[in-house]
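In this text, all values refer to a predicted model and were calculated from it rather than measured experimentally.
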Amino acid sequence: MIKVGSDFSGVGAFNQALMRLGIEYDEVFACDMDKFARETFIHNYGEPKYYPKDVYKREIPKESLDIYVSSPPCQSFSLAGKRLGKDDKRGVLFFNSHEFIKKNKPRYFIFENVKGLLSDDNGNTFNEWVNMLGGKSVNGLPVLFAYEDSVPYHIYYKVMNAKKHGVPQNRERVFIIGIRDDKDNTFSFTKEEYLKKTSFSFMDNDVDNKYFLSEKGVKHVYNKLGVYTGLNEEAARCITTRYSASIAGTFLKTDKGIRKYTPRECFRLMDFPDAFTWICSDSQAYKQAGNSIVVRCLELIIKQFNL
């Protein structure tokens, strides 16, 4: 049984990946400050034995974890945000995760963030992350002069798009994989594959009328997106936290009219099974789906670990 822990745990995409792989795990801790995400997490997996809300108050276990996962809030580095980066308080949450790795020395770690991280501050933010996390090697190349505060890990990073790994959502995220400087420190990302399913196959035929747009809403979508732009795409647009209030999402054109995706459909597009449920409002469910990590991507990564 492996020991795991996660910061910014959300609704447990990491747990879903471990369960799908049939890996028995001891959840040393999970951490998230969102009240409704915590309720959904507990509803699906039970309450972790240590479940702090604040990463700054979260204790660091002395025994090294097998896997540590961190997904600091991406708004600080999102192209859609103000791009304040490290000047935004949320942007410095990375350094809290770095401190965890430095003290706990997990066998593996996984970082996930938006693609915008790569270009934040002309690439300086991401370079700093790489320098501080990859003290031994970066993408297979040895580090000759390690950063003063770097941790002795071999890191591998890549932008993974869900639609290139079997899930019909155009969702690009940066994944940074860290491997402790032990004997086995090699890693390779899974090769991309052709999309075999479209977003249509994830949709329900019979949904509540509340998901259909009003006549005013339809005109708004048409004026903003064009008659067919954003409608019935084979790969859905990226699920966002503001899906319920935004016209930036993908819409379906049906015989009954144009409608939004339901929360269940959004979670399917995040590769969560229908056995996953929630007890919160639709708006909170949309937010939780948009904040999560595509389970398939985590599954493919963890599958490469020598556990």
4.5 Å side-chain heavy-atom contact, V11 and M270: no

Connecting only ILVMFWY residues whose side-chain heavy atoms lie within less than 4.5 Å of each other, what is the rest of M1's hydrophobic cluster? none

Should the ring pair F94 and H98 be called parallel, tilted or perpendicular, given that the plane angle runs from 0 to 90° and is split at 30 and 60? tilted

Could you work out, with salt bridge (charged side-chain N to carboxylate O under 4.0 Å, His left out) as the rule, every residue matching K3, not counting sequence neighbours? D26

Is it the case that the side chains of S9 and Y51 hold a donor-acceptor pair, with the cut-off being a distance below 3.5 Å and no angle test? no

Value for NZ (K303) from CD1 (I23), rounded to nearest 0.5 Å, stands at 10.5 Å

Taking the six-membered ring where the residue is Trp, are the ring centres of F100 and F29 under 6.0 Å apart? yes

Does a donor on one side chain sit under 3.5 Å from an acceptor on the other, for T198 and E234? no

Is a donor from one side chain sitting under 3.5 angstrom from an acceptor on the other, for R58 and N96? yes

So, do N185 and K136 sit near enough that their side-chain heavy atoms are less than 4.5 Å apart? no

Going from CD on E24 to CG on L18, what distance comes out if it is rounded to the nearest 0.5 angstrom? 11.5 Å

Verify whether the ring centers belonging to F189 and F175 lie closer than 6.0 Å. no

Any donor-acceptor pair under 3.5 Å linking the side chain of S70 with the backbone of F111? no

From NE2 (H154) to CG (L133), nearest 0.5 Å: 13.5 Å

Do Q284 and T40 have side-chain heavy atoms sitting under 4.5 Å apart? no

In plain terms, say whether K210 and D208 are close enough for a salt bridge, that is, a side-chain N and a carboxylate O under 4.0 Å apart. no

Close side-chain approach of V28 to Y50, heavy-atom, < 4.5 Å: no

Approximate separation, where rounding is to 0.5 Å, of E193 CD and K164 NZ: 12.0 Å

Begin from the C-alpha positions of S281 and F36 and carry the test side-chain contact (heavy atoms from CB on, under 4.5 Å) through to its verdict. CA-CA 9 Å; S281 66; F36 299 104; over 6 Å; no

Can you name the ring-ring contact (aromatic ring centres under 6.0 Å, His included) partners of Y153, sequence neighbours left out? F109

Answer whether the closest heavy-atom distance between the side chains of S150 and N131 falls below 4.5 Å. no

How about W278 and F267: are their ring centroids closer than 6.0 Å? yes

Do I302 and I110 touch side chain to side chain, with heavy atoms closer than 4.5 Å? yes

Exceeds 12 heavy-atom contacts within 6.0 angstrom, atom NZ of K49: yes

Results of ring-ring contact (aromatic ring centres under 6.0 Å, His included) for Y156 - residues two or more places apart only: F187

Under a plain distance cut-off of 3.5 Å, with no hydrogens placed, do Y25 and D66 share a side-chain donor-acceptor pair? no

Are any of the side-chain nitrogens in D204 or R268 under 4.0 Å away from the carboxylate oxygens of its partner? yes

Could you check whether D271 pairs with R171 (Lys NZ or Arg NE/NH1/NH2 to Asp/Glu carboxylate O, under 4.0 Å)? no

Which residues share a salt bridge (charged side-chain N to carboxylate O under 4.0 Å, His left out) with E215, sequence neighbours left out: K219

Rounded to the nearest 0.5 Å, how far does CD of Q16 lie from CD of E299? 11.0 Å

Let me confirm one number: the CE-CD distance from M132 to E148, rounded to the nearest 0.5 Å. 9.5 Å

Answer whether the closest heavy-atom distance between the side chains of V207 and E265 falls below 4.5 Å. yes

Are L307 and Y108 close enough that some pair of their side-chain heavy atoms sits under 4.5 Å apart? yes

List in chain and number order the residues that pass ring-ring contact (aromatic ring centres under 6.0 Å, His included) with Y147, two or more places apart in sequence or in another chain; answer none if no residue qualifies. none

